**Student:** 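Can you read through this structure? Questions will come right after.
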Amino acid sequence: MSKWIHGRLGRPITSVFCGWLLVSLLLPLALPPASAQGSFDLFQDIVEPTSVVVIDFHNASGYPTGMLGRTFADALSIELSNTRKVEVIKRSQVTDVLEANNLTVPMDYMNQSMVADRLGCEFTISGTVEAVNVSKERDGTFAEVAVSTLVVSTVTKQPINGALVTQKSSPKIGYSGSTDVLVQEALATAAYQTAQRLLDNRLPIATVLTTPRSKEVILKGGSTIGIQAGMELITIRRKTVTGRVRVSSVTPTDAMGVVLEESKGIGAGDKAIPVFQLHKPQHLTRENKEKAGLQIMSLVGLGLLAMLVGTNGGADELKNDMTAQAASLANAFELGHPDGGVLVNWPYMGDRVLAYVIYRTDNPEIPIDIVEGTVTHYVDSTDPVMNGIGRLFSAEVSINPEDGSLESFTKDTSILEPGSTDAGVGLTLTEQSLTADCLNYPLEPGRTYGYFVRTVYLDYDIGGLDDSELSHPDQYRLYLGNPSSVSSHTTVLKPPPLISPVEGQAPDMSGNFRCQRIPGGGIEYWLELSGNDPSFGTPQYRHLVKARLESDETVVANMSLNDITARFASLPPPRIIYWRMGARVTGQPLPKALQNAQMNGLVYSPAAYYFELSSLPPPPPSAIQSIRGGTSGWGIPTKTRPGRSGVLRNRN
C-alpha cells in the first residue's frame, strides 16, 4: 500500500481526491447560480388553481362522428386538471346551467361569460374541431386533426388566450379497424398540446398614461413586453371595461393608441389587455400548421390579472356584480301591451349610479334604452311603431365635475323610418357627460330574448398611477360600467285572446272555455275562475283548470256546469263568476307582474270575462259532496268545517 501511495500515480490521485473533498465541503456555502432574467413567470404567484369552465367544442370538421367536440373537451379538461394549476368545473354543473338557460353549442362570447358567471368563474374555454382527415400512406394509416381553442374572460367578454393545434395519430401498418379510434388518439394528443400551449403563453399588460385627447391615448408598455402595432386592447378599471383601443405605433417602452368610436370612457391608469386573434387555416398544410396565431397570455396567470386590474388607487370601488332578471310580463294587457312584453329588473346599485343602459342579447352592441339611476326595472314591449320600424332614444346625462351633482338627464324619442339604418347608434362618454343613442325594435311574440344592463356612474379616481409617474386632478367624472350578467332567456308571451263564452254569458252544457293559441313553443295553458272578485284576489274563491290544445288555432279547458256550481256553492250574492285564460312556458322563469300581485305565474288574457252563477243549473248533491271531499283549486287536498253561517267552507 505504501509503495502505491509513494509511487508515480499516488500524488496526482491524492490531489484530485482532496480537491473533490474540499469542493463538497464548501459547496453549501457558495452563492446559488444565476438564473435567466427573462419574462416574468406568472406561475409563481398562483397559490390556488384557477377555476375555468370548459364548454363542448363545436365540430365543424364534417367527420360523421358527432361527439368529437365533447371528446376533445373532456380530454382537454383532464390535461388541464393534471397540471394542478387549473380547476375545471364539473360537466354536470355546466350542463345544468346550459339547460336552465336554453343554451347550445356553439355560443357567443356573451353567453359564455354568462355561463362562467353562473358557476362563479371568470374564464371559459371553448373552440372548434376545425378539420379531421384520415390518410393511408406507406408508413400506415393515421388520422390528423386541427383544433382551435379560445379562452374568454367574463371581464372583457373577449378572447384573451388561445391555441391552434394540428396533430396526427401514430401510423398503423395494415390497419383495418374503425377510424374513430385513430381520430380519438389524435384528439387526445392535441388536447395535451393545447393545454401546454395555453399554459406557456405570456400576457403583455399596458397602462394608459393619458385620458383620451383627439381620440388618442399614450400607453406605458411597448414592444419589449409584446405590444404590437395593430393590436386591439380592452381597457379595464377594477374589473370594469372602460373602452377599446387600437395600437397605432409602438416603441420598446410605450405605444400610441387610437380610441375606437364605439368604446370610450377611458381614463389614465386603466390597464390595457390585448384581444386575442386566432388565424384559422383553411387546410391541413405545412404552411398553415405554422400559423397558430398570436400567443399573448398565460392561463394560470389569470388570477394575477384579476388582481392587477382590480386596483383602484384608493377610491371606493363600485361593485358591478349584478345580474339582470327577465321574464314575460304577466299583466301585459292591463299595462297597455296587448301583444305582450318582457319585464327586466336589476338590484339597486346605489346613488353613485346615474343611469342604466339596457341591451338585448340579439344585438349586444346597440342599447335599446336608458333609464335614470333610481329606476330598477324596464318594460320591453311588442307595441307596434306608428309609421316606422323602430324607436330611436336619444339621452344625455351630464354632471358637475366639482361636486359630482347631476346637472341634467334629458331624453328624446323619435321614429326610425323604413329604409333607415342604425349607423352611428351607440354611446359617447366624456369626463362630464354621456350621450346615448338607442334603438328599440318591437319584440316579436313567441320569440326568445335575453337582456343585460350597464351602469353609468360617478367616480373621483381618474388615475391609478404613482405621483412620480403622473399627476391627476381630484375631480368627479363619469364612467361606464361593464355589462351585467346576461338574464335568463325568456319567450315573449302574448296574452291569450278569449273566444267563448262571450262576456256575460255562461259556458255551454259541456262547460267549455276557449281561447286562441298564441305564438311560441312549450306553452301550457290554464283556465282560472274567481267568485265575486274580478281582481282574482280571494284565495277561497279561485280555481285553476289545466287546458289543452284543441286545434292548431284554439285551446280549450273544460269544467262541467255541475262542477262550477258545486265549487262556488257557498258564494254569497251577487254570485258572479269571473274567468280568464293564462299561459306560461314550461322550464322558463315564471312571468312577472309589475303592479298586480294576483297573476299566479301566468300571462293572462285581455280581461276577466264573467257570467252569473244563477244562470247555471243547480248541481246534484253528489257533485257537492265530491267537491267537499276533493281538492282545492291549487290541487291540494282540502279539509272542511262548518262556518258560522252553517255553510261548509274550505279550511285553508
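For this chain, numbers begin at 1 and follow the sequence in order. Please read all numbers here as calculations on a predicted model, not as lab measurements.
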**Student:** Return the set of residues passing side chain to side chain donor-acceptor pair (under 3.5 Å) with Ser126 (not counting sequence neighbours), or none when no residue passes.
**Tutor:** Gln112

**Student:** Keeping the roles fixed (side chain from Ser408, backbone from Thr410), state whether a donor-acceptor pair exists under 3.5 Å.
**Tutor:** no

**Student:** Holding to side chain to side chain contact (heavy atoms under 4.5 Å, CB included), I want the full list of residues that pass it with Gln325, two or more places apart in sequence or in another chain.
**Tutor:** Thr323, Asn345, Lys592

**Student:** Do the side chain of Arg118 and the main chain of Leu98 share a donor and acceptor less than 3.5 angstrom apart?
**Tutor:** no

**Student:** Say you draw a straight line from OG of Ser113 to NZ of Lys157; how long is it, rounded to the nearest 0.5 Å?
**Tutor:** 5.0 Å

**Student:** Test Asp254 against Thr251 for side-chain hydrogen bond (donor to acceptor under 3.5 Å, both in side chains), laying out the working first.
**Tutor:** CA-CA 5 Å; Asp254 54 35; Thr251 70; 2.6 Å; yes

**Student:** Could you please spell out the steps behind the salt bridge (Lys or Arg N to Asp or Glu O under 4.0 Å) verdict for Asp369 and Lys411?
**Tutor:** CA-CA 10 Å; Asp369 210 338; Lys411 185 174 177 181; 2.8 Å; yes

**Student:** Is there a donor-acceptor contact under 3.5 Å from the side chain of Ser248 to the main chain of Met256?
**Tutor:** yes

**Student:** Check the surroundings of atom OH in Tyr192: do more than 12 heavy atoms from other residues, nucleotides or ligands lie under 6.0 Å from it?
**Tutor:** no

**Student:** Distance-only, no hydrogens or angles: does the Thr235 side chain make a donor-acceptor pair with backbone N or O of Gly243 under 3.5 Å?
**Tutor:** yes

**Student:** Would one find more than 12 heavy atoms of other residues, nucleotides or ligands at under 6.0 Å from atom CG of Asn82?
**Tutor:** yes

**Student:** With distance as the sole test, does Ser484 use its side chain to make a donor-acceptor pair with the main-chain N or O of Val453 at under 3.5 Å?
**Tutor:** yes

**Student:** Apply side-chain hydrogen bond (donor to acceptor under 3.5 Å, both in side chains) to Ser485 and Asp117, showing your working.
**Tutor:** CA-CA 7 Å; Ser485 299; Asp117 184 72; 2.3 Å; yes

**Student:** Is it true that a side-chain atom of Thr376 and a backbone atom of Tyr348 form a donor plus acceptor pair closer than 3.5 Å?
**Tutor:** no

**Student:** Can you tell me how far apart CE (Met349) and CG (Leu354) are? Round to the nearest 0.5 Å.
**Tutor:** 13.0 Å

**Student:** Nearest 0.5 Å, please: how far is CD1 in Ile160 from CD in Glu122?
**Tutor:** 9.0 Å

**Student:** Establish, for the pair Arg454 and Phe452, whether the NZ or CZ atom is under 6.0 angstrom from the six-membered ring centre and no further than 45 degrees off its axis.
**Tutor:** no

**Student:** Determine, step by step, whether Arg360 and Asn440 satisfy the side-chain hydrogen bond (donor to acceptor under 3.5 Å, both in side chains) criterion, reporting the C-alpha distance in whole Å, the side-chain angles of both residues, the deciding distance to 0.1 Å, and the verdict.
**Tutor:** CA-CA 9 Å; Arg360 292 182 194 156; Asn440 190 327; 2.8 Å; yes

**Student:** Does the Asp270 side chain pair with the main chain of Gly267, one donor and one acceptor, at a distance under 3.5 Å?
**Tutor:** yes

**Student:** Just verifying a value: how many Å separate Arg391 CZ and Leu416 CG, rounded to the nearest 0.5 Å?
**Tutor:** 11.5 Å

**Student:** Has the side chain of Gln588 got a donor or acceptor atom that lies under 3.5 Å from a matching backbone atom of Thr491?
**Tutor:** yes

**Student:** As a quick check of understanding, evaluate side chain to side chain contact (heavy atoms under 4.5 Å, CB included) for Asp362 and Tyr449, giving each step before the final call.
**Tutor:** CA-CA 7 Å; Asp362 60 342; Tyr449 298 86; 3.6 Å; yes

**Student:** How many angstroms lie between atom OG1 of Thr95 and atom NZ of Lys90, to the nearest 0.5 angstrom?
**Tutor:** 13.0 Å

**Student:** Not counting sequence neighbours, which residues clear side chain to side chain contact (heavy atoms under 4.5 Å, CB included) with Ser223? List them please.
**Tutor:** Val250, Pro252

